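One structure is given here, and the rest of the page talks about it.
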Amino acid sequence: MTATFRILPARSLVYCRYEGVITLPVAEKLYNDYIQHPDYRPGQLHLVDLSAASGWSAEFMQFMRLQAKNAGALGLEAGEVLMVYLAPTPMAHEIAETIRRTWAAIEGAVPIIVEREDEALVVLGQPEASIEELLSTAPAPEQARQVLA
């Protein structure tokens, strides 16, 4: 599996993309790399692209612990954080729904599941029509982070 993220600091937005079977160790590594990145800021908008995710191997309770750990660093205590999950396939939707349920008990988390890129960008208040167009405004790809399993 591959997991990547790119931060768009001027928009206070992070884009994450998962490809293949999502595993807990890779999700944790991606999160840790993200919060240690110099452009990380609590409260950033999240666009999580699950369109290339083909499965899920983490136990639900392990994932809930990861989400609870994430809550403090994401700045949820200071207000709401919008997290948009792009889930155009049945498998991606199943993964997104599982993630959404883990956030349900955490105050300040606002997870939203959409099926199309343009929907995701509208929800996030972005003017672009595609993720490719959005990322063309991001820092150079060498500043992106990638985690391989």
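Everything numeric here is computed off the predicted structure, so don't read it as measured data.
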Using the test side-chain contact (heavy atoms from CB on, under 4.5 Å), find all partners of Val122 that sit at least two apart in sequence or belong to another chain. none
Under the side-chain contact (heavy atoms from CB on, under 4.5 Å) test, which residues partner Ala96, sequence neighbours left out? Leu50, Tyr85, Ala87, Ile113
Kindly write out the residues that satisfy side-chain hydrogen bond (donor to acceptor under 3.5 Å, both in side chains) with Tyr18, not counting sequence neighbours, or none if the list is empty. none
Smallest separation among heavy atoms of Thr4 and Leu30, with atom names: C-CD1, 3.9 Å
Heavy atoms of Tyr34 and Arg41 approach each other most closely as OH-O, 4.1 Å
Can you name the salt bridge (Lys or Arg N to Asp or Glu O under 4.0 Å) partners of Glu97, sequence neighbours left out? Arg100
Rounded to the nearest 0.5 Å, what separates atom CG in Leu47 from atom CG in Leu82? 9.5 Å
Under the rule for side-chain contact (heavy atoms from CB on, under 4.5 Å), what residues qualify as partners of Glu94, not counting sequence neighbours? Met91
To check you understand the geometry: which heavy-atom pair defines the closest contact between His46 and Leu124, and what is its length? O-CD2, 4.0 Å
Go through the steps for Leu135 and Ile131 under the test side chain to side chain contact (heavy atoms under 4.5 Å, CB included), then give the verdict. CA-CA 6 Å; Leu135 293 179; Ile131 290 173; 3.8 Å; yes
Counterpart residues, side-chain hydrogen bond (donor to acceptor under 3.5 Å, both in side chains), relative to Arg11 (two or more places apart): Gln126, Glu128
Rounded distance (nearest 0.5 Å) linking atom NE2 of His37 with atom CD1 of Ile7: 4.5 Å
To check you understand the geometry: which heavy-atom pair defines the closest contact between Val21 and Ser54, and what is its length? N-OG, 3.5 Å
Reported CD1-to-CG distance for the pair Ile112 and Leu86, which is rounded to 0.5 angstrom: 13.0 Å
Sorted by chain and number, sequence neighbours left out, side-chain contact (heavy atoms from CB on, under 4.5 Å) with Ser130 holds for Glu117, Glu132, Glu133
When rounded to the nearest 0.5 angstrom, what is the spacing between CD in Glu115 and OG1 in Thr89? 9.5 Å
When rounded to the nearest 0.5 angstrom, what distance separates CD1 in Ile22 from CD1 in Ile99? 6.0 Å
Got a sec, which residues hit ring pair (Phe, Tyr, Trp, His ring centres under 6.0 Å) with His93, two or more places apart in sequence or on another chain? none
Glu19: which residues meet the salt bridge (Lys or Arg N to Asp or Glu O under 4.0 Å) condition with it, sequence neighbours left out? Arg17
Minimum heavy-atom separation for Ser57 and Thr23, please, with both atom names. OG-CG2, 3.3 Å
